[in-house]
Q: 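Questions regarding the structure given below will be posed in turn.
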Amino acid sequence: MNIVSTIKEVQAQVKAWRQAGYSIGLVPTMGYLHEGHQSLMAAAKKENQKVIVSIFVNPIQFGPSEDLASYPSDLNRDKVACEQMGVDLIFCPTVNEMYVPNFSSYVDVNGLTNALCGQKRPGHFKGVCTVVTKLFNITQPDRAYFGQKDAQQLAVIKRMVNDLNFNIEIVGCPIVREADGLAKSSRNSYLSENERSASVCLYQAIESAKAMIKQGEKSVTVITKVMHELINNQPLAKIDYIEFVDLASLQSVDMLEQDSLCALAVYIGKTRLIDNFIYQHP
């Protein structure tokens, strides 16, 4: 497994692989890798002859008051995680390598970014789309792998790839959870012991919503009321949003009469956690 930090090194390796006729899978990450990331690597390994994992904490997708400075990082740990999954190349550039002085070209997707995290984190998806576009151009993958936990991100990237005619297949992979249901996330490392215990309220709210839907409830107001009550019963939790949106447009829905996404963001102490589930209309 090679570990490189410059764009030229990656491009040289990709060129050699292409000349040999290899297919390439890309797993973009911000590092501090866990089993969720490894599930993406496993999918990439299964479907491609070569796999690249990028590790880059992208500064332009963080807001002024967000956790860029404290975002967890452990490259040695990440190397082990990649080796375990048979990754062929790790690309871990510096900020200066990715963004030259006076960098001034950005990629923005409208519409899908107006709701959910896009509404709560202005400029976030502009930063995401810009860095992902750069990674696609650098690595030239056949397929790129993203987790369903970041459901809005997945939808936005799929739209961007379609709109801008990238010849890349975007593969969404299921959420990987802890034994108690908490979605695996690098930010889980921020949680204290008490906060970690409290964080299970997100999954409990999701399971309650699923149970209500299974029993025939279709009113978003009724379902989200129960979800709000359950999470608000946890003193360490503060709801950012709980919303049901149309799965295709990400526009809010009042009744579950189409394929929908239930997405929630909740602060546990100072840590913002996200989770979701998809409702498939029969």
Side-chain angles (χ1 to χ4, degrees), residues 34-36 39 111-121 124-125 146-159 171-185 187-188 190-191 193-282:
H34 50 68
E35 289 89 342
S39 73
L112 293 180
T113 59
N114 295 338
L116 307 176
C117 285
Q119 184 180 43
K120 298 291 185 176
R121 302 178 67 188
H124 169 69
F125 285 112
F146 297 86
Q148 181 63 42
K149 185 178 78 72
D150 297 294
Q152 186 176 19
Q153 172 179 274
L154 178 59
V156 168
I157 289 171
K158 284 183 175 179
R159 175 64 58 83
V171 182
C173 298
I175 297 172
V176 177
R177 299 184 179 277
E178 303 285 358
D180 61 4
L182 179 66
K184 287 185 178 289
S185 169
R187 288 188 169 96
N188 291 351
Y190 295 158
L191 301 172
E193 186 176 344
N194 288 340
E195 290 169 343
R196 176 61 185 82
S197 297
S199 65
V200 75
C201 68
L202 279 79
Y203 184 64
Q204 291 171 342
I206 284 174
E207 289 299 290
S208 294
K210 287 181 178 178
M212 294 175 70
I213 294 168
K214 188 174 182 179
Q215 292 167 6
E217 185 58 66
K218 294 292 189 290
S219 168
V220 168
T221 300
V222 172
I223 297 168
T224 55
K225 182 175 184 292
V226 171
M227 295 177 76
H228 273 268
E229 289 173 350
L230 196 156
I231 293 174
N232 285 333
N233 282 338
Q234 172 50 250
L236 296 178
K238 180 184 177 183
I239 296 169
D240 192 5
Y241 66 77
I242 301 175
E243 293 188 39
F244 280 83
V245 296
D246 179 89
L247 189 58
S249 68
L250 300 189
Q251 296 299 304
S252 294
V253 297
D254 297 321
M255 299 293 293
L256 296 181
E257 298 171 338
Q258 64 278 303
D259 291 350
S260 302
L261 170 74
C262 174
L264 57 159
V266 178
Y267 285 94
I268 304 294
K270 295 181 179 180
T271 303
R272 186 177 185 271
L273 302 178
I274 61 173
D275 207 335
N276 67 80
F277 73 91
I278 293 172
Y279 163 73
Q280 299 282 357
H281 188 63

Q: For residues Lys120 and Arg272, determine if any side-chain heavy atom of one lies less than 4.5 Å from a side-chain heavy atom of the other.
A: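 Touching, per the 4.5 Å side-chain cut-off.
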Q: What pair of heavy atoms forms the shortest contact from Ala183 to Ile175, and how long is it?
A: CB-CG2, 3.8 Å
Q: Looking at every heavy atom in both Ile268 and Cys201, which two are closest together, and how far apart are they?
A: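 Smallest heavy-atom distance, with atoms named: CD1-SG, 4.1 Å.
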Q: Please step through side chain to side chain contact (heavy atoms under 4.5 Å, CB included) for the pair Ile239 and Asn232, ending with a clear verdict.
A: CA-CA 8 Å; Ile239 296 169; Asn232 285 333; 3.6 Å; yes
Q: Is there a side-chain contact between Asn276 and Gln148 (heavy atoms, below 4.5 Å)?
A: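 The answer is yes; the side chains approach within 4.5 Å.
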Q: Any side-chain heavy atom of Met227 within less than 4.5 Å of one from Cys262?
A: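 Side-chain contact under 4.5 Å: yes.
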Q: Between Asn188 and Leu273, is there a donor-acceptor pair closer than 3.5 Å when you use the side chain of the first and the backbone of the second?
A: no
Q: If you compare all heavy atoms of Gly111 against all heavy atoms of Gln251, which two are closest, and at what distance to 0.1 Å?
A: O-NE2, 4.3 Å
Q: For His281, is there any backbone N or O sitting under 3.5 Å from a side-chain donor or acceptor partner on Gln258?
A: no
Q: I need the minimum non-hydrogen distance between Tyr190 and Thr271, along with the two atoms involved.
A: CB-OG1, 3.2 Å
Q: Side-chain contact test, heavy atoms from C-beta onward, threshold under 4.5 Å: evaluate it for Ser208 versus Glu229 and give yes or no.
A: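 Not touching, per the 4.5 Å side-chain cut-off.
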Q: For residues Ser199 and Leu182, report the shortest heavy-atom separation together with the two atoms involved.
A: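 Here Ser199 and Leu182 meet closest at OG-CD2, 3.5 Å.
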Q: Would you say that Lys210 contacts Glu207 through its side chain, given a criterion of any heavy-atom pair below 4.5 Å between the two side chains?
A: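 Sidechains of Glu207 and Lys210: in contact.
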Q: Main chain of Val200, side chain of Gln234: is a donor-acceptor contact present, judged purely on distance under 3.5 Å?
A: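 The answer is no, because no donor-acceptor pair under 3.5 Å joins these two groups.
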Q: Are Arg196 and Glu193 within salt-bridge range, i.e. N to O under 4.0 Å?
A: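 Answer for the salt bridge query: no.
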Q: Could you tell me whether the side chain of Tyr279 reaches within less than 4.5 Å of the side chain of Ile223, counting heavy atoms only?
A: no
Q: I need the Ile242 CD1 to Ile231 CD1 distance, nearest 0.5 Å.
A: 4.0 Å
Q: With side chains defined as the heavy atoms from C-beta onward, is the minimum distance between Ile274 and Leu116 less than 4.5 Å?
A: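 No. Closest side-chain heavy atoms not under 4.5 Å.
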Q: What's the spacing between Leu191 CG and Asn194 CG if we round to 0.5 Å?
A: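 Reported to 0.5 Å precision, the distance equals 11.0 Å.
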Q: Has the side chain of Glu217 got a donor or acceptor atom that lies under 3.5 Å from a matching backbone atom of Val222?
A: no
Q: For Tyr241 and Gln119, what are the C-alpha separation, side-chain angles and deciding distance, and is it a side chain to side chain contact (heavy atoms under 4.5 Å, CB included)?
A: CA-CA 10 Å; Tyr241 66 77; Gln119 184 180 43; over 6 Å; no
Q: Side chain of Asp246, backbone of Ser260: donor and acceptor closer than 3.5 Å?
A: no
Q: Check whether any side-chain heavy atom of Leu256 lies under 4.5 Å from a side-chain heavy atom of Phe244, and answer yes or no.
A: yes
Q: Testing the basics here: between Phe277 and Ile206, what is the closest heavy-atom pair and its distance to 0.1 Å?
A: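 In terms of heavy atoms, the two residues are closest at CD2-CG2, 3.6 Å.
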Q: Going from CG on Asp275 to CG on Asp150, what distance comes out if it is rounded to the nearest 0.5 angstrom?
A: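 One gets 10.0 Å once the value is rounded to the nearest 0.5 Å.
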